[in-house]
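One structure is given here, and the rest of the page talks about it.
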Amino acid sequence: MATISQVLGQAFFARPALTVGRDLLGKYLVRRRRSAERAVMISEVEAYIGPHDLACHGRFGRTARTEVMYGPAGRWYVYLCYGMHWMLNVVTDQVDWPAAVLFRAAGDFSGPGKLTKGLSIDRRLNAQPAAESSGLWIEDRGIVVRRSQIQRTARIGVDYAEHWKEKPYRFVLS
DNA sequence: GCAGTGATCATA
DNA sequence: ATGATCACTGCC
């Protein structure tokens, strides 16, 4: 039986960040630059669920940086962290609800900064659609992920987020 | 353990 | 305008 490779569209992303995050494990992040294409399986993500989530950038309200999170689901949210590392997120949920999923590991890339460096992702992708037109998109290649393969833990690096720092919004595929 | 690095946000 | 902070990484 042939496996169909399907590009994930807006309907996939227009759901709560926790649901999208869990479902992204086992999907493939695909990067095309010039004619070279590279696909890596997503193995670690974190959900940032809305303006009330004190770890989520949406807590600042609408600003130049967060505006993309208020837009339609399925666009990239890319920002610079610590002046050196690009963080890749995909916008989720409904318009006017700022939520996103952070990509922390995929393929051989372990760590969100190493992932973006390895795939040559920077601010030029910010606010662009997760679609072939932007050169970065996500495919379902038929990998089935069982619930027992998913570990949930607290998110990394959000110690400032009061009780939200403990929420098990990080998903790891084992 | 902690420095590097610069955008972002709050305050003024 | 300034200053604190930061969804990280690599080296001590």
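Side chains included, hydrogens not; waters and symmetry mates left out as well; all remaining heavy atoms used. Chain letters run A, B, ... following the sequence lines, proteins first, then strands; residues in each count from 1.
A/Y79 carries A/R65 over the face of its six-membered ring, with the cationic atom under 6.0 Å from the centre and within 45° of the normal. Both the sub-6.0 Å distance and the 45° axial angle are not jointly satisfied by A/R75 relative to the ring of A/Y77.
To the nearest angstrom, P of B/dT11 lies 11 Å from CZ of A/F60. In this structure, CH2 of A/W86 is placed 16 Å from P of B/dT5, rounded to the nearest angstrom. Atoms CZ (A/R123) and C1' (B/dA7) sit 8 Å apart, rounded to a whole Å.
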Task: Heavy-atom protein contacts under 4.0 Å, nucleotides 4-12 of chain C, coded B base, S sugar-phosphate only, - none - done: --BBBSS--
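Between A/H52 and A/W164, the ring-plane angle classifies as perpendicular under the 30° and 60° cut-offs.
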Task: Stepwise side chain to side chain contact (heavy atoms under 4.5 Å, CB included) test for A/L18 and A/I49 - done: CA-CA 7 Å; A/L18 287 167; A/I49 71 171; 3.8 Å; yes
Task: Derivation and outcome, side chain to side chain contact (heavy atoms under 4.5 Å, CB included), residues A/V90 and A/F13 - done: CA-CA 8 Å; A/V90 67; A/F13 300 105; 3.8 Å; yes
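For the 3.5 Å distance criterion, the side chains of A/Q151 and A/S174 qualify, holding a donor opposite an acceptor.
For A/E139, the salt bridge (charged side-chain N to carboxylate O under 4.0 Å, His left out) partners are A/R141, not counting sequence neighbours.
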TODO: Kindly express the pairing pattern of DNA chain C in dot-bracket notation, using | wherever a base pairs with another strand and counting only Watson-Crick or G-U pairs under 3.5 Å.
DONE: ||||||.||||.
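The pair A/E37-A/R31 does not meet the salt-bridge criterion, since no charged nitrogen lies less than 4.0 angstrom from a carboxylate oxygen.
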